[in-house]
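Beneath this line is the structure, given in structure tokens, with notes to follow.
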Amino acid sequence: MDYQNDNELIEMVSDNSEEARDYLYNKYSYIVDIIINKYRTSASYLNVDMNDLRQEALLGFSDALVNYNQDKDTSLSTFISLCVERRVGNYIRKYSTNKMKQEGNALSLDMNVGKDEDLPIQDVIGMPNSNPETKMVDKEETERLNREIKEALSPSEYEIYELLINDFSYEDIAKITNKQPKQVYNMIYRIRSKVKDLL
């Protein structure tokens with residue numbers, strides 16, 4: 001099978017082509033591996049079955065293929081990364097909340113966990129602020145800031161910024177965006193300068 005570009009494949013996926021779906025999965029399956037590895041420590045601490053986690057990642061991958069909008073500035077690889085990240089992150093957060101309920105909320109959020117007991121539970125779980133009023137103000141402020149940042153950055157810088165704020169490493173960002181690590185490093189330096197000016 002020889003295709004011109006991802007957009008052609010996405011159109012075929014929307015026409016229910018399993019062959020196109022498989023082709024895209026084989027092309028971008030490394031993204032699933034990157035994100036699974038990112039959550040390995042949290043999953044291990046919470047006793048999450050890695051097969052279940054991979055299943056969630058694949059559902060996120062499938063969502064990305066169905067919802068990708070070619071007219072947006074984001075590349076397919078970045079969109080897949082963000083969808084898979086969101087799906088896996090939500091699964092881990094939901095799992096951790098359920099586990100804490102089962103344990104009667106007996107654990108302090110400041111208690112250290114992880115392989116070397118060097119991570120506070122709050123960092124492992126990524127629990128949001130629980131005050132609804134504060135959450136609403138924070139959400140509005142975050143949305144406003146995100147709009148300003150998007151306007152200040154070029155499309156390729158914003159693509160890298162989205163991956164950066166979702167905790168992808170420089171090396172992973174380089175793989176996902178198909179850029180040289182030095183290129184990514186220079187772009188991140190420019191992004192940080194622009195964001196710093198906004199703040």
Side-chain angles (χ1 to χ4, degrees), residues 28 30-43 45-46 53 56-57 59-61 63-65 67-97 109 114 118-132 134-199:
Y28 292 116
Y30 69 91
I31 293 172
V32 170
D33 296 333
I34 287 171
I35 293 167
I36 293 286
N37 283 330
K38 213 176 120 179
Y39 282 95
R40 196 169 291 281
T41 303
S42 300
Y45 167 71
L46 294 165
L53 201 61
E56 285 299 312
L59 288 170
F61 192 104
D63 289 345
L65 297 186
N67 295 310
Y68 180 63
N69 183 346
Q70 340 180 10
D71 299 330
K72 299 282 183 188
D73 295 330
T74 307
S75 70
L76 179 60
S77 58
T78 299
F79 189 70
I80 290 170
S81 303
L82 297 173
C83 289
V84 173
E85 165 73 27
R86 191 176 303 118
R87 185 93 192 200
V88 172
N90 286 342
Y91 184 76
I92 289 285
R93 278 188 286 279
K94 185 177 167 189
Y95 203 97
S96 64
T97 303
L109 292 179
D118 56 351
L119 291 171
I121 288 178
Q122 191 163 356
D123 290 352
V124 172
I125 296 170
M127 285 185 69
N129 189 321
S130 56
N131 180 327
T134 308
K135 275 168 76 173
M136 197 169 84
V137 171
D138 287 350
K139 188 179 177 203
E140 288 170 5
E141 183 61 23
T142 302
E143 285 171 358
R144 182 194 61 76
L145 186 59
N146 265 329
R147 279 194 304 274
E148 289 179 10
I149 289 170
K150 189 168 187 176
E151 287 167 14
L153 302 178
S154 71
S156 57
E157 286 171 342
Y158 189 72
E159 188 174 4
I160 286 175
Y161 166 78
E162 282 192 296
L163 293 168
L164 193 62
I165 62 171
N166 279 285
D167 294 328
F168 285 91
S169 68
Y170 288 18
E171 294 81 9
D172 291 343
I173 291 172
K175 281 183 207 164
I176 291 165
T177 58
N178 201 24
K179 294 185 185 334
Q180 293 297 318
K182 188 174 169 71
Q183 242 183 318
V184 169
Y185 179 83
N186 290 335
M187 287 181 82
I188 287 172
Y189 180 79
R190 286 200 306 275
I191 291 164
R192 286 195 165 140
S193 297
K194 289 181 180 181
V195 171
K196 194 175 173 186
D197 289 344
L198 284 174
L199 296 173

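Note that the structure is a prediction, hence the values are computed from the model and not measured.
- Taking OH of Tyr170 as the reference point, atom CD1 of Ile173 lies at 8.0 Å (rounded to 0.5 Å).
- Rounded to the nearest 0.5 Å, atoms CZ (Phe79) and CG (Leu65) are 9.5 Å apart.
- Minimum interatomic distance between Val84 and Gly60 (heavy atoms only, all atoms of both residues): CG2-C, 3.9 Å.
- Counting heavy atoms from C-beta outward, Ile34 and Lys38 have side chains that stay 4.5 Å or more apart.
- Donor-acceptor pairing under 3.5 Å is recorded for the side chains of Ser75 and Glu159.
- Residues Phe168 and Glu85 form a side-chain contact, since some pair of their non-hydrogen atoms from C-beta on lies under 4.5 Å apart.
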* side chain to side chain contact (heavy atoms under 4.5 Å, CB included) between Ser77 and Ile31: does it pass, once the steps are laid out? -> CA-CA 8 Å; Ser77 58; Ile31 293 172; 4.1 Å; yes

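- With values rounded to the nearest 0.5 angstrom, Thr41 atom OG1 is found 13.0 Å from Tyr45 atom OH.
- Ile176 pairs in a side chain to side chain contact (heavy atoms under 4.5 Å, CB included) with only one of the listed residues (Leu163, Ile80, Ile160), which is Leu163.
- At a threshold of 4.5 Å between non-hydrogen side-chain atoms, the residues Pro181 and Val184 do not count as touching.
- Distance CD1/Ile35 to CZ/Arg87: 13.0 Å, rounded to 0.5 Å.
- Thr74 places none of its side-chain heavy atoms less than 4.5 Å from the side chain of Tyr158.
- Taking 4.5 Å as the limit, every side-chain heavy atom of Phe61 sits out of range of all side-chain heavy atoms of Cys83.
- Using a 4.5 Å heavy-atom cutoff, the side chains of Ile149 and Lys194 are not in contact.
- Residues satisfying the salt bridge (Lys or Arg N to Asp or Glu O under 4.0 Å) criterion with Asp167, sequence neighbours excluded, are absent altogether.
- Relative to the ring axis of Tyr30, Lys175 does not place its NZ or CZ within 45° and under 6.0 Å from the centre.
- Under a cut-off of 6.0 angstrom, the local environment of CG in Asn178 is sparse, with at most 12 non-hydrogen atoms contributed by other residues, nucleotides or ligands.
- Here the CG-CZ distance, from Leu53 to Arg40, works out to 8.5 Å after rounding to the nearest 0.5 Å.
- For the atom pair OG1 (Thr78) and OH (Tyr68), the distance works out to 8.5 Å, reported to the nearest 0.5 Å.
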